[in-house]
Amino acid sequence: MKGDIRTHSASSSVFLYNSRSNNNVSRNFEEELQHEKIKPYTRKWETSVMDTIDELNLISKKVNSGSVGGCDVQHDVPAVFFSNGGYTGNVYHEFNDGIVPLYITSQHFKKKVVFVILEYHNWWIMKYGDILSRLSDFPPINFQGDNRTHCFTEAIVGLRIHDELTVDSSLMRGNKSIADFRNLLDKAYWPRIKGLIRDEERKAQEKLREQVSSSESSEASQQQYITIRQQVQENPMKKPKLVILSRSGSRAITNENLLVKMAKEIGFLVQVLKPDRTTEMAKIYRTLNASDVMIGVHGAAMTHFLFLRPGSVFIQVVPLGTTWAAETYYGEPARKLGLKYIGYQILPRESTLYEKYDKNDPILRDPTSINKKGWEYTKKIYLDSQNVMLDLRRFRKRLHRAYEYTLSKSKLSLQHQPM
């Protein structure tokens with residue numbers, strides 16, 4: 001939309017006014033030229049979720065010049081309208097249906113844009129504030145919660161979506177890609193990460209001073225001082241770092257403790273990460289951005305592969321009945337980002353479903369036939385009722401491959417460093 005654009009939240013409308021001369025026309029003449037309805041959410045192909053999205057009226061009118069009321073807020077930059085309804089609350093959908101499309105739609109404005117949000121959630125603003133500040137210089141507007149008339153000269157209503165967790169560079173101005181989106185995440189989270197690092201160093205220094213002051217032996221305290229400084233300053237990346245994204249509830253790895261032990265034996269520095277809805281995104285980003293390998297069982301948390309540095313290894317454990325989804329939603333997008341992707345398809349005996357059903361049951365023998373019955377079957381059986389007991393001897397081969405790949409990559413980067 002371009003022209004005299006005005007919001008009217010009480011009627012869930014956005015008006016575009018076209019002026020006409022006052023010659024021979026009554027003073028309050030208005031002519032509706034066009035009236036469309038739009039639900040500004042990306043999953044147009046999914047009727048069930050689109051039925052839940054708030055609708056917006058787009059109304060174009062021809063009016064007498066001077067007969068339209070004034071603006072409460074006049075903006076000199078464009079607006080992008082979108083909805084935070086639907087599947088918002090699931091991290092995959094937050095990125096796939098929201099954040100990545102928002103980048104696709106608005107990045108060319110170079111932050112000179114205002115976001116107008118339907119079904120506004122304060123927690124979402126808090127969670128993704130770091131990213132939003134890299135896409136817009138202005139605070140977002142809560143469409144339903146702000147009754148003022150906001151006026152714009154240009155607006156885009158709805159977001160563009162390309163594919164699963166990706167950016168199609170052929171459709172972007174300047175051929176921007178998913179790698180450019182990843183660079184934006186880097187810029188978004190590093191200021192906060194630097195703050196976290198400063199806090200940790202300050203706490204370590206305070207601990208150091210306490211130990212030095214309480215120590216009777218000056219020689220011992222000096223040694224403690226050196227040790228703690230080394231812990232603060234040392235690069236912990238001497239060993240390749242492996243992060244396990246741990247699940248509780250369904251699709252958990254039941255022998256995760258043995259997986260950790262095995263990974264350490266191979267030579268990894270291992271960290272188990274259990275993010276929940278309240279975990280700060282910058283903290284998750286910091287952990288994964290500093291890792292060489294990420295392991296996780298198929299599920300929404302795999303969206304965090306976006307936080308890995310290109311060239312890192314992403315191992316996705318693929319439970320029974322999730323082969324297509326694992327490849328489509330995470331495997332293929334991970335390759336597009338430049339990750340070394342390894343899919344580990346579990347065998348029936350590695351699933352807890354193996355204990356519940358006969359060995360010849362189609363649930364174990366032919367998951368595709370079950371999936372064809374509909375999403376409710378897939379969800380109930382394979383997503384909500386299945387855990388994984390890894391065959392560690394079999395999985396060890398993937399870990400070894402990841403370890404060797406990481407070592408060879410770090411040797412290569414050392415060879416290319418300037419002398």
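With hydrogens and angles ignored, the 3.5 Å screen pairs no side-chain donor or acceptor of Asp97 with any backbone N or O of Thr88. In this structure, Ser9 contributes its side chain and Asp146 its backbone to a donor-acceptor pair below 3.5 Å. Formation of a donor-acceptor pair under 3.5 Å by the Ser13 side chain with backbone atoms of Phe15 is not found in this model. Lys373 places no side-chain N or O within 3.5 Å of a backbone atom of Thr378 that could act as its donor or acceptor partner. Of the possible donor and acceptor atoms, none in the side chain of Ser312 sits under 3.5 Å from a partner among the backbone N and O of Val293. Although no hydrogens or angles enter the test, the distance criterion places no donor-acceptor pair under 3.5 Å between the side chain of Asp361 and the main chain of Leu364. Distance alone, capped at 3.5 Å, is enough to place a donor-acceptor pair between the Thr279 side chain and the Asp276 backbone. Judged by distance alone, the side chain of Thr254 and the main-chain N or O of Val388 form a donor-acceptor pair under 3.5 Å. No donor-acceptor pair closer than 3.5 Å links the side chain of Ser169 to the backbone N or O of Lys176. Within the 3.5 Å criterion, the main-chain N or O of Tyr17 finds no donor-acceptor partner in the side chain of Lys61.
A salt bridge does not link Lys203 to Asp199: none of the charged nitrogens lies less than 4.0 Å from a carboxylate oxygen. A salt bridge is absent between Glu32 and Lys62; no separation between the charged side-chain nitrogens and carboxylate oxygens falls under 4.0 Å. Remark: Arg6 engages Asp4 in a salt bridge, criterion side-chain N to carboxylate O under 4.0 Å. For Lys409 and Asp292, the salt-bridge test fails: no basic side-chain N is under 4.0 Å from an acidic carboxylate O. A salt bridge is absent between Asp391 and Arg393: the closest approach of a Lys/Arg side-chain nitrogen to an acidic carboxylate oxygen does not fall below 4.0 angstrom. The pair Glu376-Lys380 fails the salt-bridge criterion, with no side-chain N (NZ, NE, NH1 or NH2) lying under 4.0 Å from an Asp/Glu carboxylate O.
Between Trp123 and Tyr128, the distance from one ring center to the other does not fall under 6.0 angstrom. For Tyr330 and Tyr92, the distance between ring centers is under 6.0 angstrom. Remark: aromatic rings of Phe82 and Tyr41 are distant, center separation not under 6.0 Å.
In this structure, Arg251 and Val317 have side chains that are not in contact, with every pair of non-hydrogen atoms separated by 4.5 Å or more. Contact check for Tyr382 versus Pro367: side-chain heavy atoms found under the 4.5 Å cut-off. For the pair Lys127/Glu280, no side-chain contact is recorded, criterion being any heavy-atom separation below 4.5 Å from C-beta on. Under the 4.5 Å side-chain criterion, counting only non-hydrogen atoms from C-beta, Ile346 is in contact with Tyr344. In this structure, the side chains of Met172 and Ser177 stay at 4.5 Å or more apart for every pair of heavy atoms.
Residue Ile59 holds its CD1 atom at 7.5 Å from NZ of Lys37, rounded to the nearest 0.5 Å.
There is no side-chain donor-acceptor pair under 3.5 Å between Glu94 and Asn84. Between the side chains of Glu36 and Gln34, a donor-acceptor pair is found at a separation under 3.5 Å. Side-chain atoms of Ser83 and Glu119 include a donor-acceptor pair closer than 3.5 Å. Donor-acceptor pairing under 3.5 Å is lacking for the side chains of Ser291 and Gln271. Judged purely by distance below 3.5 Å, without hydrogens or angles, the side chains of Tyr87 and Arg43 never pair a donor atom with an acceptor atom. No hydrogens or angles considered: nothing links the side chains of His150 and Asp72 as a donor-acceptor pair under 3.5 Å. Checking Gln316 against Tyr341 by side-chain atom types alone, a donor-acceptor pair falls below 3.5 Å.
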Candidate pair Phe307 and Ile284, rule side-chain contact (heavy atoms from CB on, under 4.5 Å), full reasoning:
CA-CA 8 Å; Phe307 294 1; Ile284 302 172; 3.9 Å; yes

Evaluate Ile178 against Arg182 for side-chain contact (heavy atoms from CB on, under 4.5 Å), listing each step before the verdict.
CA-CA 6 Å; Ile178 191 65; Arg182 172 65 175 68; 5.8 Å; no

Assess the residue pair Gln386 and Ser351 against the criterion (side chain to side chain donor-acceptor pair (under 3.5 Å)); give the C-alpha distance rounded to whole Å, side-chain angles, the decisive distance to 0.1 Å, and a yes or no.
CA-CA 7 Å; Gln386 175 178 204; Ser351 170; 2.9 Å; yes

Could you go through the side-chain contact (heavy atoms from CB on, under 4.5 Å) check for Asn18 and Ser60 one step at a time?
CA-CA 7 Å; Asn18 298 274; Ser60 174; 3.3 Å; yes

Determine, step by step, whether Asn371 and Trp324 satisfy the side-chain contact (heavy atoms from CB on, under 4.5 Å) criterion, reporting the C-alpha distance in whole Å, the side-chain angles of both residues, the deciding distance to 0.1 Å, and the verdict.
CA-CA 10 Å; Asn371 288 334; Trp324 179 87; over 6 Å; no

For the pair Glu350 and Arg394, evaluate salt bridge (charged side-chain N to carboxylate O under 4.0 Å, His left out) and give the outcome as yes or no after the intermediate values.
CA-CA 11 Å; Glu350 293 174 89; Arg394 184 169 171 254; 2.6 Å; yes

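Under the salt bridge (charged side-chain N to carboxylate O under 4.0 Å, His left out) criterion, Asp366 pairs with no residue, sequence neighbours left out. In this structure Lys283 satisfies the salt bridge (charged side-chain N to carboxylate O under 4.0 Å, His left out) test with no other residue, sequence neighbours excluded.
For the pair Lys112 and Phe109, the cation-pi criterion (under 6.0 Å, within 45° of the ring axis) is not fulfilled.
Note on ring orientation: taking the six-membered ring where Trp is involved, the planes of Phe314 and Phe305 are parallel (angle under 30°, cut-offs 30° and 60°). Between Phe152 and His75, the ring planes lie parallel to each other; the angle is under 30°, not in the 30° to 60° tilted range.
For the side chain to side chain contact (heavy atoms under 4.5 Å, CB included) with Met281, the qualifying choice from Met126, Arg192, His304 is His304, the only one to do so.
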Distance-only donor-acceptor pairs under 3.5 Å for side chains of residues 331-340, two or more places apart:
unit_1: Glu332; atom_1: OE1; unit_2: Arg335; atom_2: NH1; d: 3.2
unit_1: Arg335; atom_1: NH1; unit_2: Glu327; atom_2: OE2; d: 2.7
unit_1: Arg335; atom_1: NH2; unit_2: Glu327; atom_2: OE1; d: 3.4

